[in-house]
There are 2 protein chains.
Amino acid sequence: MSDDALISLLIVDDHPVVRDGLRGMFESAPGFTVLGEASNGVEALERAAALDPDVILMDLRMPGGGGVDAIKELTRRGARAKVLVLTTYDTDSDTLPAIEAGATGYLLKDAPRDELFTAVRAAAEGRTVLSPAVASRLVSAVRSPNTPGNEPLSTREREVLALVAKGTSNREIARELFISEATVKTHLTHLYTKLGVNDRAAAVATAYERGILG
Amino acid sequence: MSDDALISLLIVDDHPVVRDGLRGMFESAPGFTVLGEASNGVEALERAAALDPDVILMDLRMPGGGGVDAIKELTRRGARAKVLVLTTYDTDSDTLPAIEAGATGYLLKDAPRDELFTAVRAAAEGRTVLSPAVASRLVSAVRSPNTPGNEPLSTREREVLALVAKGTSNREIARELFISEATVKTHLTHLYTKLGVNDRAAAVATAYERGILG
DNA sequence: GCCGGCATCAACCGATCGGTTGATGCGGCT
DNA sequence: AGCCGCATCAACCGATCGGTTGATGCCGGC
């Protein structure tokens, strides 16, 4: 890709409205060309291979093939395309996974037009572009990688937690999982420390915040 | 508005991308004209008064003046415009409030173009258009209006619940809200029955499910 | 082969929670 | 004036929870 060439784009979003908005926006601006669209992660991989775009504008939450998986696969393939994640909420729990997976940038959909253009140009050159909210999340995540809470729950712990969220008592959980009440308590104390909380109510809350439940 | 006249639109959404997408979509289709845009509820009210559109395409979650309040105010004013809610998620907790507030229709943003056009024409004629998911929610809500769980929590109850979700004990909640522990327990038992649960963990879970927390 | 993570169980204790009943005062609505 | 929802408080009880310590067996990585 030379400096003065058009930046070619692939738009990936499950909402037709958003795809149209992005396509119109970039086709009417100088320096860009939209090669195609996709409405889910799997489709995005096909189109990316066929069209070989410079930059992929990618939504994260999509039915039928999530965005994060698509980014991972692109990275694994060593794809030339840079991925610019374009999502709705900055509270998205997939923020960090997406960046870890290899996304070049992360922007919110409510970004003004100019910011979008700038971000795409930056992404095309391989420069990282992050929305302020995401940037601050990142630094705090990097600053404390051993923060209590990023430790993944074991399968059994998640099962116990799911029952807790339904209001099940320890004794009932024990019966339902065919284990003793003592074991249930052990799982609970373990997942409390993993989540960095002190009781079941807070555990349920943080589980929802992190997308473990719900 | 005569039968063969253009249907005039006002687009309300906080995302420039979505606004562009809708504008382009309707301007390039016959039978519609876009009078203007707004990016929040307050602005929407101004534009609606100034432009007098036939139909208002309205997002619900917006910074600086929520969509539901705007719809309420339009209804209160006896505005001529029909409001067609166009939102991202069918799990949105504002679905029913929006309809109660006077929205004529409720569609998801991932609806295909033709469905959007049909819905706008229907809305312009005052006919109700609901996306299937919303429709089924509605019937279940109407079918059992006294179901334990649709009762709204009082302000105090929500405050207590929020602290519970943070792992605060009853005694600590009492101190933090400057009330006695007995009162905290009273609020809790009340919100338990309102939410249809038996303990704080389940209360937190259903609160997240319903969008009361998170 | 050793170590660590996971899952399992036991017994004990204090602290907390949930349920109940009953009561008071305030504000809005009719 | 009367009613109702909301918020406040009290005292009591049994049930449950959370914390701790200690132990066993299995499996996979180094």
Side-chain angles (χ1 to χ4, degrees), chain A residues 145-210 212-213, chain B residues 72 76 97 100 145-210 212-213:
Chain A
N146 291 335
T147 179
N150 284 5
E151 304 172 64
L153 299 188
S154 74
T155 308
R156 210 49 163 169
E157 286 161 355
R158 280 198 305 275
E159 287 174 0
V160 171
L161 182 54
L163 289 171
V164 164
K166 289 170 62 182
T168 320
S169 77
N170 290 350
R171 191 167 303 167
E172 290 168 334
I173 293 173
R175 271 201 285 271
E176 221 165 304
L177 297 183
F178 302 105
I179 57 181
S180 89
E181 195 177 338
T183 307
V184 174
K185 293 176 68 171
T186 306
H187 289 314
L188 280 176
T189 49
H190 284 167
L191 69 87
Y192 290 162
T193 54
K194 283 184 180 179
L195 294 176
V197 300
N198 298 311
D199 64 41
R200 44 180 59 210
V204 169
T206 58
Y208 269 96
E209 297 286 353
R210 303 219 181 116
I212 302 172
L213 287 176
Chain B
K72 273 187 192 154
R76 202 190 60 77
E100 284 172 12
N146 291 335
T147 180
N150 284 4
E151 302 173 66
L153 300 188
S154 74
T155 307
R156 210 50 164 169
E157 286 161 354
R158 279 197 306 275
E159 288 173 359
V160 171
L161 183 54
L163 289 172
V164 165
K166 288 169 62 182
T168 320
S169 75
N170 290 349
R171 191 167 304 166
E172 289 168 335
I173 293 172
R175 270 201 287 270
E176 225 169 295
L177 297 183
F178 303 105
I179 58 181
S180 89
E181 195 178 337
T183 308
V184 175
K185 293 176 68 171
T186 306
H187 288 313
L188 280 176
T189 49
H190 284 166
L191 68 87
Y192 289 161
T193 54
K194 283 185 179 179
L195 293 177
V197 299
N198 297 312
D199 62 42
R200 46 180 58 210
V204 169
T206 57
Y208 269 95
E209 297 287 352
R210 304 222 179 112
I212 301 171
L213 287 175

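Reminder, nothing fancy here: chain letters follow the sequence lines and each chain counts from 1. Hydrogens, waters and symmetry mates play no part in the numbers below; they use all other heavy atoms, side chains included.
- The base of D:dC9 sits within donor-acceptor range of the side chain of B:Thr186, with an N or O pair under 3.5 Å.
- We find that CD of A:Glu159 is positioned 13 Å from C1' of C:dC6, with the value rounded to whole Å.
- The nucleotide whose nearest atom lies closest to any side-chain atom of B:Ala182 is, among C:dA7, D:dC9, D:dG18, D:dC9.
- Atom pair A:Leu191:CG and C:dG5:P shows a separation of 17 Å (rounding to whole Å applied).
- Across the protein-nucleic acid pair, B:Arg171 atom CZ and C:dC17 atom P stand 8 Å apart, rounded to whole Å.
- Closest to the side chain of A:Ser180, from the set D:dC9, C:dA10, D:dC17, is C:dA10.
- Side-chain atoms of B:Arg200 lie closest to C:dC17 of the nucleotides C:dC17, C:dG19, C:dC9.
- In the set C:dT16, C:dG18, D:dT20, C:dG18 carries the atom at the smallest distance from any side-chain atom of B:Leu188.
- Closest contact between the side chain of A:Arg156 and the listed nucleotides D:dC17, D:dC9, C:dA7 involves C:dA7.
- Here the closest non-hydrogen pair linking B:Ala174 and B:Ser180 is CB-C, 3.7 Å.
- A salt bridge links A:Arg156 with A:Glu159; the closest basic N to acidic carboxylate O contact falls under 4.0 Å.
- Nearest-nucleotide positions on DNA chain D for B:Phe178 and A:Ala201 put B:Phe178 closer to the 5' end.
- Between the CD atom of A:Glu181 and the C1' atom of C:dA11 there is a distance of 12 Å, rounded to whole Å.
- The side chain of B:Asp199 lies closest to C:dG18 when the candidates are C:dG18, D:dG19, D:dA7.
- Between B:Ala202 and A:Lys166 the shortest heavy-atom distance is CB-C, 3.9 Å.
- Across all their heavy atoms, B:Arg200 and B:Thr168 have their closest contact at NH1-O, 3.3 Å.
- Of the candidates D:dA7, C:dC17, C:dC9, D:dA7 carries the atom nearest the B:His187 side chain, counting heavy atoms from C-beta on.
- Phosphate proximity of C:dC17 to B:Asn170: present, with a side-chain N or O under 4.0 Å from OP1 or OP2.
- Nucleotide D:dA15 holds its C1' atom 12 Å from the CD atom of A:Glu172, rounded to whole Å.
- A:Lys185 places its NZ atom 10 Å from the C1' atom of C:dA10, with the value rounded to the nearest Å.
- Taking the side chain of B:Thr183 as heavy atoms from C-beta on, and the options C:dC9, D:dC17, D:dC9, the nearest nucleotide is D:dC9.
- Nucleotide D:dC6 holds its P atom 9 Å from the NE2 atom of B:His190, rounded to whole Å.
- Residue-level contact check: A:Ser154 touches the backbone only, with heavy atoms under 4.0 Å from sugar-phosphate atoms and none from bases.
- Of the candidates D:dA7, C:dT8, D:dT20, D:dA7 carries the atom nearest the B:Thr155 side chain, counting heavy atoms from C-beta on.
- To the nearest 0.5 Å, atom OG1 of residue A:Thr183 and atom CZ of residue A:Phe178 are 14.0 Å apart.
- Atom-to-atom, NZ of B:Lys194 to P of C:dG18 comes out at 17 Å; the value is rounded to the nearest Å.
- Side-chain atoms of B:Tyr192 lie closest to C:dG19 of the nucleotides C:dG19, D:dC17, D:dG18.
- Under the 4.5 Å side-chain criterion, counting only non-hydrogen atoms from C-beta, B:Thr186 is in contact with B:His190.
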